[in-house]
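These notes concern the structure reproduced below.
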Amino acid sequence: MRVSDIIRVVSGGCEIDLLVSPRSNRTGPEGVDEWRRMLVFRVKAPPLEGRANKEVVSLMNDLTGFKCEVIRGMTSRQKTVFVRGDASIVAEKLEGKG
């Protein structure tokens, strides 16, 4: 399964479901969890006071080149990120990183 298979096109951009692993020793996408249909995403920040969410948004902004925000799952490991950009471009940029 590829990243493009889990991206949903919505008005104004696209949504991506993430399975976030905080307190990791590395950062960035780790591939797609085919069973959950989510992008596995690692961050070094702990899940305290929104630090992991901030790191997710920062990394997604850097990886995609578009403005991103967490829209669901603020206190969960399972999050939905809204990306204000073309889904095909986002998928292309994330495919090589995962």
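Along the sequence shown, residues are numbered consecutively beginning with 1. Here the structure is a predicted model, which is why all the values come from computation and not from measurement.
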Would you name the heavy atoms of Ala45 and Pro22 that are closest together and state the gap between them? O-CB, 3.4 Å
Are any of the side-chain heavy atoms of Glu69 and Arg84 separated by less than 4.5 Å? yes
Within one Ile-Leu-Val-Met-Phe-Trp-Tyr cluster: Val90 and Val40, side-chain cutoff 4.5 Å: no
Tell me the closest heavy-atom pair linking Gly28 and Leu59, and the distance in Å. N-CD1, 4.1 Å
Check the hydrophobic clustering (I, L, V, M, F, W, Y; side-chain heavy atoms under 4.5 Å; chains of links allowed) and say if Val43 and Met74 are grouped together. yes
Minimum heavy-atom distance between Val3 and Leu39, given as atom pair plus value: CG2-CD1, 4.1 Å
What closest approach, in Å, do Pro29 and Leu63 show between heavy atoms, and which atom pair accounts for it? CD-CD1, 3.5 Å
Rounded to the nearest 0.5 Å, what separation is found between the CD atom of Gln78 and the CG atom of Leu19? 6.0 Å
Lys79 to Phe41, cation-pi by 6.0 Å centre distance and 45° axis angle: no
Of all the heavy-atom pairs spanning Phe66 and Asp86, show the shortest one and how long it is. CZ-N, 4.1 Å
Within a strict 4.5 Å, meaning less than it, do heavy atoms of the Asn25 and Arg42 side chains meet? no
Report the distance from atom OG of Ser21 to atom CZ of Arg26, rounding to the nearest 0.5 Å. 9.5 Å
For the residue pair Glu95 and Val32, establish whether any side-chain heavy-atom pair is separated by less than 4.5 Å. no
Going from CE on Met38 to OG1 on Thr80, what distance comes out if it is rounded to the nearest 0.5 angstrom? 6.5 Å
Under 3.5 Å, side chain of Ser58 to main-chain N/O of Lys54, donor-acceptor pair present? no
Pair Asp17-Arg72, salt bridge (charged side-chain N to carboxylate O under 4.0 Å, His left out): steps then yes or no: CA-CA 9 Å; Asp17 293 325; Arg72 279 189 288 283; 5.2 Å; no
With rounding to the nearest 0.5 Å, note down the distance linking CD1 in Ile6 to CZ in Arg37. 8.0 Å
Verify the cluster assignment for Trp35 and Ile16: are they in a single hydrophobic cluster under the rule of side-chain heavy atoms below 4.5 Å apart? no
When you measure from the side chain of Arg23 to the backbone N and O of Lys44, does any donor-acceptor pair fall under 3.5 Å? no
